[in-house]
Amino acid sequence: MKDLAQADTTDEFDKPLGGLTGGARVLLERTHMEAAVAEVRFVPGRDELPEASAVAVWNALGKDRLPIFERHAVSTVNLTVTPNGADQTTQAQHGWVLASNDRRTVVTLLPSMVVVQTAAYARYSTSLGDPLRVALRTFAEATGASVVQRLGLRYINRLQDAAASSPAFWRDHVRPAFAGPLVGETGGLVEALHQQVQFKLDESAAARVQSGVFREQGVDERYSFLVDLDVFREQALDFDETLVADMTRQLNRTALALFTQVLSEKYWAELVPVAVGVDS
């Protein structure tokens, strides 16, 4: 999880939501991030995104950086349960995917959604913030989308350590609230652990943290610790490029604050956080 707190200004949006304690901007020399995702949803208006709209975004982001351009479809199943029974409907959206040659960075464009995802995360501003801002500006201009319904950031971290030969290793590396039964009398019997916590940050913002221990595939007696952070705001608002960028940056600062609440102070230090300046 690298430079999760990087931003270009210091203002009210630089403070984490929920009254969480904000930390300094840092780069982690030991990073364990599997994927970082930024998502903005608009009010649905159609089922298919015109090719011309997707090409406009493609041009703005740079065809040389994202040379793959292909169709993409998503189906959503909606289930409504009433006293008279259940009613199921399926909604399909057709859009486009822009991707780097190795597909480690992908931009998904749907009629009501823009998603930037990367497995090559370096820092928030360059890996998510800047590409998202360019994509949203061009998407809104090309489609006329004007009302945002949801902003979200997700960071999936898989903490690994060569010394983690049993789940009990993580007992002293994460805080008791997230270590769960690892710190109890049955801690030595735990083979796997999964827990999910949802936090209410304010009237429209929330965070979901999934964490736990699992055995690494293909490695005997090696256990990883998952920290999956999903921070989001569900609120209808007029699309304003600067406001959306600021709100998303605040979600990013909130994600860092939550990440530090999961790890013990000792293990956080072992990730080697290096303070960086605003403009670095």
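Quantities reported herein were computed from a predicted structural model and do not represent experimental measurements. All values below come from the heavy atoms of this structure, side chains included, with hydrogens, waters and symmetry mates left out.
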Any side-chain heavy-atom pair of [X] and [Y] under 4.5 Å:
X: Thr254; Y: Leu229; answer: no
X: Asp161; Y: Phe225; answer: no
X: Tyr124; Y: Leu256; answer: no
X: Asn157; Y: Val262; answer: no

Worksheet item: Can you tell which of Arg46, Arg41, Gln93 makes a side chain to side chain donor-acceptor pair (under 3.5 Å) with Ser112?
Response: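 Result for side chain to side chain donor-acceptor pair (under 3.5 Å) with Ser112: Gln93.
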A quick test of your reading: do over 12 heavy atoms of other residues, nucleotides or ligands sit less than 6.0 Å from [atom1] of [X]?
X: Arg71; atom1: CZ; value: no
X: Asp238; atom1: CG; value: no
X: Glu265; atom1: CD; value: no
X: Glu185; atom1: CD; value: no

Practice prompt. Ignoring hydrogens and angles, state whether a donor on the side chain of Tyr267 or Asp172 is under 3.5 Å from an acceptor on the partner side chain.
Written response: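 Short answer, no.
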Fill in: Short side-chain donor-acceptor distance under 3.5 Å, Glu221 and Ser165
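Not at all, the side chains of Ser165 and Glu221 share no donor-acceptor pair under 3.5 Å.
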Discussion item. Looking at Phe178, is its backbone amide N or carbonyl O close enough to the side chain of Gln195 to form a donor-acceptor pair, meaning the two atoms are under 3.5 Å apart?
Written reply: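 Yes; judged by distance alone, with no hydrogens or angles, the pair exists.
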Fill in: Sidechain-backbone polar pair: Thr118 side chain, Thr105 backbone, donor-acceptor under 3.5 Å
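No, the answer is negative, given that no donor and acceptor are paired below the 3.5 Å cut-off.
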Discussion item. According to side-chain hydrogen bond (donor to acceptor under 3.5 Å, both in side chains), who are the partners of Glu203, at least two apart in sequence or on a separate chain?
Written reply: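 Result, side-chain hydrogen bond (donor to acceptor under 3.5 Å, both in side chains) vs Glu203: none returned.
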Worksheet item: With sequence neighbours left out, what residues match Gln210 under side-chain hydrogen bond (donor to acceptor under 3.5 Å, both in side chains)?
Response: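 Gln210 satisfies side-chain hydrogen bond (donor to acceptor under 3.5 Å, both in side chains) with His194 once adjacent residues are dropped.
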Worksheet entry | Residues Arg208, Asp228: salt bridge by 4.0 Å N-O rule |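 Looking at Arg208 and Asp228, the cut-off is not met.
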Worksheet item: Is Arg249 salt-bridged to Asp246, cutoff N-O under 4.0 Å?
Response: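 Result for this pair is yes, salt bridge flagged.
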Worksheet entry | Ser211 side, atom OG; Leu258 side, atom CG - distance, nearest 0.5 Å |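 Rounded to the nearest 0.5 Å, the OG-CG separation comes to 11.5 Å.
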Item to complete: Kindly compute the distance separating OG (Ser166) from CZ (Arg215), expressed to the nearest 0.5 Å.
Response: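 If I round to the nearest 0.5 Å, the distance is 10.5 Å.
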Worksheet item: Going only through I, L, V, M, F, W and Y residues with side-chain contacts under 4.5 Å, is there a path from Leu132 to Phe239?
Response: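 Yes, one cluster joins them.
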